[in-house]
Amino acid sequence: MELRFSTWQEVEHYLNSSKAIVIPIGSTEQHGPNGLIGTDALCPEALALKLGEETGALIAPTISVGMAQHHLAFAGSVTLRPSTLMLVICDIVNSLVQHGFNRFYFLNGHGGNVATLNAAFSEIYAQSSLNTQTKESPGVRCTYRNWWEADSVMALSKELFGEADGSHATCGEVSLTQYAYPHSIKKAEMDPPIAPTGPIYDAADYRQRFPDGRIGSNPSLANPEAGKALFDTALRGIIADYEAFASS
Ligand code: NI
């Protein structure tokens with residue numbers, strides 16, 4: 001069930017049986033020569049929509065812009081400051097708390113969002129803990145899951161791509177978008193085939209270290225069949241994880 005295609009009465013009805021909601025969160029940033037700028041939002045969104053179909057979970061609109069300051073030296077990348085993204089996350093959660101939601105499952109597509117997600121969750125809990133007006137707690141719990149991080153998904157990526165999977169513009173994420181959006185498959189030469197690796201600082205430094213945007217990957221190996229295998233494996237883990245969290 002998608003929030004954007006629901007009426008308010010349907011949401012009220014949903015709340016009679018569940019207080020949980022899934023919020024896909026990603027980024028709008030370069031993903032190398034053949035990766036889509038929307039990759040990190042498209043991947044968790046596609047998985048969340050399938051999760052919603054299979055479990056009946058309510059899926060919120062995707063937070064498509066994340067914390068991507070290090071990608072800003074590449075055309076088309078967009079970032080929120082960590083402080084802005086924290087406010088966005090807190091405002092969305094607090095809005096939904098007004099209606100009775102108390103389990104917030106963020107399905108994340110971008111490693112750069114993790115620190116900010118954790119900080120935003122601490123902020124949300126602090127609001128509750130510091131509220132001395134009432135002893136009643138709304139009992140809000142927030143969690144996030146990185147779609148690529150389950151052991152089964154990591155093992156499959158390794159089996160499919162080995163070291164060439166890399167850590168940004170990975171074979172796995174490019175494959176997943178190729179499976180979910182076959183009309184947007186791009187072809188490009190990778191030079192060198194495996195991209196360099198190294199630390200991440202600011203945008204100018206990133207562009208110098210990683211000239212075509214990739215880190216450690218060779219996404220010319222990406223293909224939609226691998227994307228389907230990763231999608232199905234990730235989905236199974238996410239469904240189990242979501243259901244345990246929603247009923248916690
Ligand atoms: Ni990515």
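Counting begins at 1 with the first residue of the sequence. In listed order, ligands and their atoms are each counted from 1. Every value quoted in this text rests on a predicted model; they were computed, and no experiment measured them.
The name of the N, O or S atom in Glu173 nearest to the Ni ion (ligand 1) is OE1. When distances from the Ni ion (ligand 1) to the N, O or S atoms of Asp40 are compared, OD1 comes out shortest.
Metal site remark for the Ni ion (ligand 1): Cys43 contributes no N, O or S atom at a distance under 2.8 Å.
Listed by chain and number, the hydrophobic cluster partners of Leu42 are Leu36, Tyr181, where partners are ILVMFWY side chains within reach of under 4.5 Å, directly or through others.
With sequence neighbours excluded, no residue satisfies side-chain hydrogen bond (donor to acceptor under 3.5 Å, both in side chains) with Asp165.
In this structure, the side chain of Glu159 does not engage the main chain of Ala155 through any donor-acceptor pair within 3.5 Å.
Glu225 and Lys228 are not joined by a salt bridge, as no carboxylate oxygen comes within less than 4.0 angstrom of a charged side-chain nitrogen.
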